[in-house]
2 protein chains.
Amino acid sequence: MLSVPSAEAEIRYHKWEVKYEYRSPDCYQKLVITINGQTPGPTIEAQQGDTIVVELKNSLVTENVAIHWHGIHQPGTYLYHAHYGLQRTNGLIGMIQVSLPPGVSEPYTYDDEKSIILTDWYHESTFEQATGLLSIPFGWVNEPQSLLIQGKGSFNCSTLGIEAGLCNATNPECSPYVMTVVPGKTYKLRIGSLTSLEALSFEIEGHNMTVVEADGSNVEPFIVKNLFIYSGETYSVLIKADQAPTRNYWIVSKVVARPSTTPNGLAIFNYHPNNPTTSPPTVPPVGPAWNDVEPRLAQCQATKARQGYITPPPHKSDRVIVLLNTQNKINGYIRWSVNNVSFNLPNTPYLIAVKEKLHHVFNQSPPPNGYDHRHYDIFNPPTNPNATTSTSIYKLQFDSTVDIVIQNANALSANDSETHPWHLHGHDFWVMGYGKGKFDIHKDPKKYNLVDPILKNTVSVQPYGWTALRFRANNPGVWYFHCHIEYHLFLGMGVVFEEGVEKLGKLPPSIYGCGDAKVSP
Amino acid sequence: MLSVPSAEAEIRYHKWEVKYEYRSPDCYQKLVITINGQTPGPTIEAQQGDTIVVELKNSLVTENVAIHWHGIHQPGTYLYHAHYGLQRTNGLIGMIQVSLPPGVSEPYTYDDEKSIILTDWYHESTFEQATGLLSIPFGWVNEPQSLLIQGKGSFNCSTLGIEAGLCNATNPECSPYVMTVVPGKTYKLRIGSLTSLEALSFEIEGHNMTVVEADGSNVEPFIVKNLFIYSGETYSVLIKADQAPTRNYWIVSKVVARPSTTPNGLAIFNYHPNNPTTSPPTVPPVGPAWNDVEPRLAQCQATKARQGYITPPPHKSDRVIVLLNTQNKINGYIRWSVNNVSFNLPNTPYLIAVKEKLHHVFNQSPPPNGYDHRHYDIFNPPTNPNATTSTSIYKLQFDSTVDIVIQNANALSANDSETHPWHLHGHDFWVMGYGKGKFDIHKDPKKYNLVDPILKNTVSVQPYGWTALRFRANNPGVWYFHCHIEYHLFLGMGVVFEEGVEKLGKLPPSIYGCGDAKVSP
């Protein structure tokens with residue numbers, strides 16, 4: 001890692017007001033959650049080592065708010081988003097860009113930079129979605145109505161009847177996003193996905209992209225025609241405006257990994273000085289087949305740490321935790337589980353409960369370290385779909401090296417194994433390897449990449465496959481590790497790691513306000 | 001008041017779960033807030049002197065909940081409802097019935113009793129309503145889609161286009177409410193209104209009603225054909241099933257005081273053993289004209305304490321506060337104000353702020369004791385519509401007698417003065433008098449009813465009129481006094497009284513959890 005010249009560090013203040021406002025991001029008017037009137041919210045720009053202070057005024061009338069500073073660690077491209085209920089789905093999201101200190105340069109060159117956030121967009125309210133997910137019969141959210149590129153999409157208003165009054169195809173809010181480039185120049189494009197559900201393919205018609213950064217880490221450059229990006233991931237790619245400059249080109253986002261009915265998201269890659277609102281003369285590229293796993297896995301495996309920027313992983317781990325991903329039922333309710341335990345947050349924050357030894361707050365017995373590897377058939381629906389629910393957490397030895405193997409399996413319906421993007425709070429992890437089928441604890445670790453694994457904070461697990469990652473438990477605290485699909489997390493697809501809380505000093509009194517933690521010591 | 005034989009008092013436990021569920025109370029499916037699956041929620045039945053314990057599990061995903069035990073003081077009919085944001089509008093409501101101790105009887109007789117709650121119902125979500133109310137341009141909630149009688153109404157599904165799938169006229173949830181009676185018997189009917197907006201007229205086709213109770217106080221009986229009832233009020237009426245028993249009759253609720261487009265609410269008054277679902281053969285009664293103030297004022301003035309049950313008021317008051325009701329603008333936002341001050345709740349509870357002398361929590365200067373009586377023209381829109389906003393509160397001398405005169409005026413548009421039902425927390429008040437036009441502090445108090453004024457907790461103020469009430473500031477605490485129209489309160493139409501907080505012992509640590517009150521002393 002780079003050392004930070006502290007004399008240069010600044011304190012940067014931001015004042016945010018969070019509230020509901022009517023917006024028409026895909027031409028259809030609905031309530032969204034805005035920050036200072038915007039969704040996506042303002043981009044936080046900072047230099048490595050700076051301190052960011054955000055003073056947030058919650059103007060949601062009856063709701064609380066929690067913001068997650070997704071991935072923040074070192075220079076690179078990060079995200080922030082709501083982390084409470086399904087509020088992220090309402091548009092409470094934004095990007096964080098951390099630049100290098102003066103005198104330190106990136107290992108690639110470009111003329112200018114741009115950034116975009118990709119999302120999926122639902123016309124149902126998050127209250128309706130949450131109620132459906134918590135009901136018998138299960139009310140699934142179904143496929144999103146639109147894909148948005150930097151907060152703009154285009155729903156086909158003509159499909160509506162009486163509600164047509166809420167939809168206006170000429171509303172400037174839903175004119176396509178335009179990225180204007182100068183012919184011959186090279187651009188760094190920061191791309192983040194904060195979809196609630198969908199895995200995406202992203203491409204710019206006729207233009208190759210060179211991947212140079214992932215989740216804030218420099219990547220050994222590789223070229224793609226389309227970039228697969230999962231919810232919670234960020235990438236930086238270099239794009240050269242090297243095509244015929246007399247016309248504009250399509251920017252396309254497309255759902256993969258699910259047989260979606262959602263139309264592709266479209267934006268305009270505008271060659272200056274062409275009219276930015278002129279649609280390209282071509283049919284937009286159709287993108288890759290939704291169910292072709294091979295190119296997705298190939299991109300995962302191509303994403304390695306850049307030479308000269310490798311932080312080598314410890315060669316051995318002190319502990320291996322295998323996390324089986326299954327869809328289950330609890331008392332007839334559909335849930336997602338890890339090792340057949342579906343996660344529930346307690347009412348009192350873990351950090352306080354651990355620090356103050358409030359043992360009644362959560363289940364003190366550790367969650368399972370693995371699953372019945374020998375007998376469990378990952379290729380078929382669970383024989384016994386019943387899971388249990390728990391608040392228990394994994395206690396990690398401080399400064400130990402931990403391997404996590406995420407094992408995918410079949411969901412409740414036959415021939416259905418979904419793609420899950422797993423996101424870890426508080427750490428970057430090394431991505432040690434990917435595999436198909438059932439992880440073999442004896443053979444597969446021998447194939448781990450000990451040479452140049454990428455450091456990430458979000459990683460995908462492909463259908464019927466596994467992903468292995470490694471991290472040092474060296475950040476005192478309590479850390480969520482969860483599927484970044486908003487609805488899967490909501491239904492219990494997460495675990496919690498605790499390490500070194502005893503090393504923390506007195507916690508700030510201001511955080512003592514919830515559940516059984518009302519009175520600070 | 002009656003003395004309570006304490007040996008008889010019980011502790012009654014209730015366990016409630018509050019959550020969102022899909023319901024179709026008027027045939028149109030939307031999210032409602034339920035208590036144990038019901039809206040209106042379970043009726044709390046108790047005997048005078050009992051202790052009620054309600055253990056509430058909040059299963060709203062991102063929201064807090066507050067329940068107000070509306071009016072609770074002595075035997076009678078009361079209400080409970082949400083008191084946070086616009087959650088009441090979502091159906092978080094119910095009734096409380098307090099019976100007399102054994103050996104004590106009511107001063108009227110009947111064969112059986114029934115109860116109903118009257119509401120208005122909106123298809124828009126409360127989040128959409130709140131966002132509109134807090135926007136420029138102002139997004140008014142408009143007239144409700146339906147009037148519900150005991151949670152049931154009937155929206156005309158055929159007016160819908162694509163949304164028709166959400167509306168099912170044959171859904172049993174929206175079959176009309178049926179009240180079955182035996183010919184010749186007399187019924188006590190408890191009626192409560194928890195409308196969000198509307199003043200109502202209630203009647204049972206062809207049947208007189210004898211009013212015997214209002215807001216928990218015995219009323220000197222009087223007979224009405226239709227009962228006017230304002231949001232927050234309760235009444236008990238006696239009804240004799242004395243009409244031709246061969247058919248059913250309509251029960252009707254109708255909007256008054258606003259030129260509403262909302263169809264009348266209908267239910268069935270079913271004479272046993274007729275088929276309870278058979279519609280009466282007649283056209284439902286059309287009810288009184290919406291804009292005829294005289295019969296409404298007449299009912300107000302007829303509502304007096306019953307002989308033998310009079311609690312005489314103090315003959316003099318120690319203080320008079322006049323509260324001018326106006327609609328105003330603040331920075332272009334439409335608000336409601338009292339003496340040109342629009343109320344805002346601070347983030348820290350008043351009770352804690354006063355008790356712990358946290359002077360920074362709210363504005364310490366007292367709010368105005370009146371308005372510019374000489375120059376203000378109550379019959380026209382305000383010359384200067386701008387108001388200010390404040391968190392300041394009225395400090396009342398403990399055990400003093402306080403007169404409140406609520407003075408109505410013209411709203412922002414010409415020829416518009418709305419009816420406001422004012423509700424006081426923590427006290428019953430004597431209703432000293434009603435008048436038309438501008439209250440005259442020299443002449444009008446001479447006409448006060450010192451003989452048999454009714455004790456109520458909610459009272460209406462008619463267009464361009466005033467209402468005077470008196471209470472003893474003998475209940476240590478901090479008490480809201482506000483218009484019970486949910487949207488008016490939301491827009492600032494309320495004040496707060498404080499009395500005798502210094503007499504309270506240590507506050508329970510469990511209430512220290514909000515704003516600047518996080519750490520208990």
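Labels below follow one simple rule: chain letters A, B, ... track the order of the sequence lines, proteins then strands, and each chain is numbered from 1.
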Please name all residues satisfying side-chain hydrogen bond (donor to acceptor under 3.5 Å, both in side chains) with B:Y480, sequence neighbours left out, ordered by chain then number. none
Do other residues, nucleotides or ligands put more than 12 heavy atoms under 6.0 Å from the CG atom of B:N347? no
Shortest non-hydrogen pair, B:T62 vs A:G85, comes out as CG2-CA, 3.6 Å
Distance (rounded to the nearest 0.5 Å) between A:S135 OG and B:Y20 OH: 13.5 Å
Sort A:L60 into side chain, backbone, both or neither according to what part of it lies under 4.5 angstrom from a heavy atom of chain B. neither
Is any side-chain heavy atom of B:V61 closer than 4.5 Å to one of A:T131? no
Give the interface residues of residues 21-33 of chain A toward chain B, defined by a heavy-atom separation under 4.5 Å. A:E21, A:Y22, A:L31
How about A:F127 and B:E63: do any of their side-chain heavy atoms sit closer than 4.5 Å? yes
Determine whether more than 12 heavy atoms belonging to other residues, nucleotides or ligands lie under 6.0 Å from atom NZ of B:K329. no
